[in-house]
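Single-structure report; data block below.
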Amino acid sequence: MTQRKRTIRSKKETKSAVARLLEGQRAFFDGGVTRDVDARLRQLTALRRAIVAGEREILAALAADLRKPAYEAYLAEIVFLYHEIDFTMKHLGRWAKPRRAGAPSILRPSENFVVPEPYGAALIIGPWNYPFQLTIAPLVGAIAAGNTAILKPSELAPATAKVIADLIGRTFDPEFVAVVTGGVDATTALLRERFDHIFFTGGTAVGRIIMEAAAKHLTPVTLELGGKSPTIVLADADIETAARKIAWGKFINAGQTCLAPDYVLVDERVRTRFVDALGRAIGNFYGDDPQASPDYARIITTRHFARLRGLMGPHAPRIGGRTDERDRYIAPTVIENVPLDDPLMREEIFGPLLPVLSVGSLDEALGIVRSMSKPLALYLFTGDRAAERRVIRETSSGAVCVNDVVIHVSNYRLPFGGVGESGMGAYHGQYSFEAFSHLKPVMKRTRLFDMPLRYPPYRGSAMNIVRRIFG
Ligand code: NAD
């Protein structure tokens, strides 16, 4: 490990330092070290060890940034990464091997295979809501696939950004993995450079900026964005369990979860029972005064606090509604009878406000879902297989989870990503490896003979032969 400074702060410094950093990473990549799968495995081991050693400072930073409860932070930001790294290390040998492919008879004899090759220098831009996990999980894929990486953690979670910079600085040479901290200026300076892949997690608006910048260099992007994830509760659902799971998924991290159920469409026949059950779940989780609960997080900034209070607007919440600006506290809040053209139903909420709308039928629910942008996830509570099949077939979303919320993100055998406005590309497990790899086809032809048929001058007899083969 070198003593070189690994984080870059001042604006002037950022511009030229970023270019130098990237140059160093390119030279390192060209040296070929990352092509070796054993070297990648060693780096993943080093990353895992660094996280184990840094657990306490990671949890403290998350508490400082978001007042994130240690239990939530440990599961969602640390254990998640252990699983991801362990799964990747177990299977990397197989994923990285050339994969045999067949060939149509006209191309035989030939050997055909697909060789995964690293893109080169990757840029990973992280958000603030799960600021450790969502910056480091893509790095696991980048390392596994043999790339170098520059990480740009979110400036809105400054304590976690510092921990990431320290931890990565202690573990890797900056020619291999480096951290650039800072805000929009730092990201803008990074985006001026030509990377070989950009992996961005954040909002749709910034996603567009990233893609525009990437287009200048024709750099491929993975965009992990947000959206309004709908939750449909049908009359036959186990209402008590559905309400408990939805309350958990909505109010974990004070609603600042990209996959949180954004709003609920509940069959009007069970609406009252459902909302009562939500109230019970919230009470059981956080007590009578959630502000006093050690298990309830805070809103990241006063700007987001003001945005959420604005969204609450004129509504009289059925549950919750209390706010405290000094503490950036917003109670778990349930709002009924929200019209579809209300701001609460037009933009991603990303906070602890849950609109519950009643619907008369599954058709009505599907109509509402389809009238909006494609969400990151869609949740359905029912035991009705036909309804389940209809929802899966007739809607488009990053993922569907039936009879639960959010939890599908932890299955590293499933791709995680959005569609349409909720993003493009996917990661986790093998999908992360592939997100950071070019799957290069290789065809090797025989040297024993060369079919004359393809060469001019083209004769009528050749045409007849071709017709007989392909016609
Ligand atoms: P954001 O888009 O505001 O910021 C993300 C990153 O972009 C930060 O590192 C920030 O510094 C940078 N950035 C901000 N403005 C920029 C600009 N003008 N130019 C260049 N870079 C800029 O997102 P956020 O507020 O950190 O996170 C919230 C959003 O992210 C929500 O929409 C949420 O749904 C989404 N999200 C998605 C996922 C997912 O996995 N799909 C996960 C978490 C969050």
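In this chain, residues are counted from 1 in sequence order. Just follow the structure's listing: the first ligand is 1, and inside any ligand the first atom is 1.
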Which of parallel (below 30°), tilted (30 to 60°) and perpendicular (above 60°) describes [X] and [Y]?
| X | Y | value |
| --- | --- | --- |
| F199 | H197 | tilted |
| F28 | F176 | tilted |
| Y427 | F416 | tilted |

More than 12 foreign heavy atoms under 6.0 Å from CE of M211: is that the case here?
->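 No.
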
Please classify the [X] to ligand 1 contact at 4.0 Å (heavy-atom distances, strictly less than): side chain, backbone, both or neither.
| X | answer |
| --- | --- |
| T257 | neither |
| T201 | both |
| F416 | side chain |

Counting from 1, what ligand 1 atoms have a heavy atom of [X] closer than 4.0 Å?
| X | result |
| --- | --- |
| N129 | 43 (C), 44 (C) |
| G226 | 34 (O) |
| T187 | 11 (O), 20 (C), 21 (N) |
| P127 | 26 (O), 27 (O), 43 (C) |
| C258 | 33 (C), 34 (O), 36 (N), 37 (C), 38 (C), 39 (C), 40 (O), 42 (C), 43 (C), 44 (C) |
| L134 | 42 (C), 43 (C) |

Given G203, G418, A377, P138, which has its nearest heavy atom closest to atom 23 (O) of ligand 1?
->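 Minimum heavy-atom distance to atom 23 (O) of ligand 1 goes to G203.
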
For atom 7 (O) of ligand 1, the option (of W128, F200, Y130, F350) bearing the nearest heavy atom =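 Minimum heavy-atom distance to atom 7 (O) of ligand 1 goes to F200.
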
Does the cation-pi check pass for R298 over Y329, that is, NZ or CZ under 6.0 Å from the six-membered ring centre and within 45° of its axis?
->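 Here R298 fails the 6.0 Å and 45° test against Y329.
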
Does the cation-pi check pass for K250 over Y263, that is, NZ or CZ under 6.0 Å from the six-membered ring centre and within 45° of its axis?
->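 Relative to the ring axis of Y263, which defines the angle, K250 lies outside at least one limit.
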
So is there a nitrogen or oxygen of T204 less than 3.5 Å from a nitrogen or oxygen in ligand 1?
->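 N/O-N/O distance under 3.5 Å: no.
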
Taking distance alone, with no angle check, do H304 and ligand 1 share an N/O pair under 3.5 Å?
->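 By distance alone, the answer is no.
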
Heavy atom of G126, distance to ligand 1 below 4.0 Å =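 A heavy atom of G126 does come that close to ligand 1.
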
Protein heavy atom under 4.0 angstrom of atom 34 (O) of ligand 1, is there one?
->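 When distances to the protein are checked, atom 34 (O) of ligand 1 has a heavy atom within 4.0 Å.
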
Side-chain heavy-atom pair E84, I136 within 4.5 angstrom cut-off |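 Answer no - side chains too far apart.
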
